[in-house]
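The structure under discussion appears below in the form of structure tokens.
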Amino acid sequence: MRRREFITLVGGAAAWPLAASAQEPSGVRRIGVLMSVDEDDEGKAQLSGFTQELAALGWTDGRNLRMEIRWGGGNVNRARIFAKELVALQPDVILAQGTPVTAALQRETRVIPIVFVVVTDPVGEGFVAGLPRPGGNITGFLTSESAITAKMLELLIEIAPGLKRVATLFNPDTAPRGGTYYFRDFEAAARSSKVEPIAAHARTDTEIEAAAASLGGASGGGLIVMPDFFMFNHVEPIILQVAQKKVPAIYPWRFVVAKKGALLSYGPDLKDIVRRGALYVDRILRGAEPADLPVQVPVKFEMALNANTAKTLGLTVPPSMLARADQVIE
């Protein structure tokens, strides 16, 4: 295994300064946390980074802070129920992980400060008026721009140059703008690469299986798993189906390569994004207003590949990819 960390900025955008407010905390404060993912190892790891950063900033659960945590598990209806619960508790601030969760909380309150993390299109979703000046009770840290699927396609073609058809897999009920946010850049990149672009909708594991089957065999098909919390919570059946159908696939989450045997991943460091949410929670607890805190861009992206999976699929990994990867499973 080889690992090399690197930092980059989306679209050349620079992160705004995060200087702490001079106001000191007093008494015990309450924050709500609503996660879009399951309470599994990956979800806990993301939350742990947030709580550790809060502790470094002087906030410890059970001492001067009380945290109310809920796990949505990729279920929109569950997220709405938990959003009502958390708002009814009247916390000082709420951390919202993901677009469906942030939307559910926005429906319940326009007063309680909300810090979102791992949200793709906060302006398009109506969470903020603009990135530099959010203008309401919501601000936070976005996860990626629409062009990320074009980059994922470039990497997939590099490791599997014989591809003729590539599908993006997403759930239109949970993907940003129903999937169109990412699909347009992917479609343009696919056509310029002489690859047929396909939009593959999946709301169930059965539909995931059908999408994989349509790309397998002699069709020369590949798969891009779109950044989508439904896909995140159903990644194991996706990996199983593409392995059975021998479909090269790329994912936006690094952990699936190291822990679950997926072929390739490229995307922002989700743990880092959730961790950074603590910086704005701290600012708000010390008196800052969400309307005055600019939305921040990701600063850390990662590529990982599994050489064993590539070999199983009959793919030869180019030396240039091995050199650029942050993590190689051999």
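Predicted, not measured: the structure shown is a model, and the values here were computed from it.
Using a distance-only test at 3.5 Å, with no hydrogens or angles considered, a donor-acceptor pair links the side chain of Gln97 to the main chain of Ser36. Between the side chain of Ser193 and the backbone N or O of Val195 there is no donor-acceptor pair closer than 3.5 Å. A distance-only check finds no donor-acceptor pair linking the side chain of Thr120 to the backbone of Pro176 [under 3.5 Å]. For Asp326 (side chain) and Met303 (main-chain N/O), a donor-acceptor pair under 3.5 Å exists by modelled atom type. With Thr60 contributing its side chain and Ala55 its backbone, the two residues share no donor-acceptor pair below 3.5 Å. Side chain of Tyr280 to backbone of Pro294: a donor-acceptor contact under 3.5 angstrom is found.
A 4.5 Å side-chain heavy-atom check between Leu65 and Leu285 finds at least one atom pair inside the cut-off. The shortest side-chain heavy-atom distance between Leu223 and Ile238 falls under the 4.5 Å cut-off. No side-chain heavy atom of Ile198 sits under 4.5 Å from any side-chain heavy atom of Thr168. Residues Lys259 and Trp253 have side chains not in contact (no heavy-atom distance under 4.5 Å, counting atoms from C-beta outward). Side-chain contact between Val118 and Val274: present, with at least one pair of heavy atoms (C-beta onward) separated by less than 4.5 Å. Taking 4.5 Å as the limit, some side-chain heavy atom of Leu57 sits within range of a side-chain heavy atom of Leu279. Residues Thr143 and Ile273 are in side-chain contact: their nearest non-hydrogen atoms beyond the backbone lie under 4.5 Å apart. Residues Leu34 and Leu95 fail the side-chain proximity criterion, which asks for heavy atoms closer than 4.5 Å.
Between Asp92 and Arg29 there is a salt bridge, since at least one side-chain N of the basic residue sits less than 4.0 Å from a carboxylate O of the acidic one.
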Without placing hydrogens or testing angles, list every side-chain donor-acceptor pair under 3.5 Å for residues 100-107, not counting sequence neighbours.
unit_1, atom_1, unit_2, atom_2, d
Thr102, OG1, Gly98, O, 2.8
Gln106, NE2, Gly126, O, 2.9

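Scored by the salt bridge (charged side-chain N to carboxylate O under 4.0 Å, His left out) test, Arg177 finds Asp121 as partners (sequence neighbours excluded). In this structure, Phe116 has no ring pair (Phe, Tyr, Trp, His ring centres under 6.0 Å) partners at least two apart in sequence or on a different chain. For Phe183, the ring pair (Phe, Tyr, Trp, His ring centres under 6.0 Å) partners two or more places apart in sequence, or in a different chain, are Phe186. With sequence neighbours excluded, the residues satisfying salt bridge (charged side-chain N to carboxylate O under 4.0 Å, His left out) with Asp173 are Arg203. Looking at residues two or more places apart in sequence or on another chain, you find a salt bridge (charged side-chain N to carboxylate O under 4.0 Å, His left out) between Glu158 and Arg324. For the salt bridge (charged side-chain N to carboxylate O under 4.0 Å, His left out) test, residues two or more places apart in sequence or in another chain that qualify with Glu85 are Arg70.
Asp269 contributes atom CG, which lies 10.0 Å from atom CZ of Phe301 (distance to the nearest 0.5 angstrom). With rounding to the nearest 0.5 Å, the separation of CD1 in Ile159 from CG in Leu305 is 5.5 Å. Summarising the geometry, atom CG belonging to Asp38 is positioned 11.0 Å from atom NZ belonging to Lys44; distances are rounded to the nearest 0.5 Å. Note that OG1 of Thr204 and CD of Glu207 are 4.0 Å apart. Values are rounded to the nearest 0.5 Å. Summarising the geometry, atom CD1 belonging to Ile69 is positioned 12.0 Å from atom CZ belonging to Phe82; distances are rounded to the nearest 0.5 Å. One distance of note links OH of Tyr182 with OG of Ser146; it measures 8.0 Å at 0.5 Å rounding.
For Trp59 and Asp282, the side-chain atoms include at least one donor-acceptor pair closer than 3.5 Å. For Glu302 and Gln327, the side-chain atoms include no donor-acceptor pair closer than 3.5 Å.
A salt bridge (charged side-chain N to carboxylate O under 4.0 Å, His left out) check over residues 47-63, counting only residues at least two apart or in different chains, returns the pairs Glu53-Arg275. Applying the side chain to side chain donor-acceptor pair (under 3.5 Å) test to residues at least two apart or on different chains, none of the pairs has a partner in residues 73-83. Pairs passing the salt bridge (charged side-chain N to carboxylate O under 4.0 Å, His left out) check and including a residue from residues 185-198, sequence neighbours excluded, read Arg165-Glu196, Glu187-Arg191. Identified under the salt bridge (charged side-chain N to carboxylate O under 4.0 Å, His left out) test for residues 231-252, with sequence neighbours left out: Glu236-Lys260. Listed by first and then second residue, the salt bridge (charged side-chain N to carboxylate O under 4.0 Å, His left out) pairs that reach into residues 311-322 come to none, sequence neighbours excluded.
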Note to self: Run Val119 and Phe141 through side chain to side chain contact (heavy atoms under 4.5 Å, CB included) and show every step you take.
What the structure shows: CA-CA 7 Å; Val119 164; Phe141 299 78; over 6 Å; no
Please lay out, stage by stage, how Val33 and Phe50 fare under the test side chain to side chain contact (heavy atoms under 4.5 Å, CB included). CA-CA 10 Å; Val33 176; Phe50 170 75; 4.1 Å; yes
Before giving the answer on side chain to side chain contact (heavy atoms under 4.5 Å, CB included), spell out for Arg254 and Tyr266 the whole-Å C-alpha distance, their side-chain angles and the decisive distance to 0.1 Å. CA-CA 7 Å; Arg254 174 175 173 168; Tyr266 176 78; over 6 Å; no
Glu68 and Ile31: CA distance, side-chain angles, deciding distance, side chain to side chain contact (heavy atoms under 4.5 Å, CB included) verdict
CA-CA 6 Å; Glu68 299 286 346; Ile31 67 170; over 6 Å; no
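Closest heavy-atom contact between Ala202 and Met231: O-CE, 3.5 Å. Ile284 and Leu293 make their closest contact through CG1-CD1, 4.0 Å (heavy atoms, listed as atom of the first residue, atom of the second, distance). The shortest heavy-atom contact between Ile114 and Ala96 is CG2-CB, 4.0 Å. Across every non-hydrogen atom of Lys271 and Ala45, the tightest pair is CE-CB, 3.8 Å. The two residues Asn233 and Val37 come nearest to each other via the heavy atoms OD1-CA, 3.7 Å. Heavy atoms only, all atoms of each residue included: Asn306 and Ala262 are closest at CB-O, 3.2 Å.
For Arg66, the CZ atom is loosely surrounded, since the number of other residues' heavy atoms within 6.0 Å does not exceed 12.
Each of Tyr251 and Leu240 belongs to its own hydrophobic cluster when Ile, Leu, Val, Met, Phe, Trp and Tyr are linked at side-chain heavy-atom distances under 4.5 angstrom. Residues Val76 and Leu86 do not share a hydrophobic cluster, defined by chaining ILVMFWY side chains whose heavy atoms lie under 4.5 Å apart.
Aromatic ring pairs are classed by plane angle as parallel below 30°, tilted from 30° to 60° and perpendicular above 60°; the pair Phe230 and His234 is parallel.
Results of the side-chain contact (heavy atoms from CB on, under 4.5 Å) test with Ile112 over Val87, Ile138, Leu89, Val93 single out Val87 as the only residue that passes.
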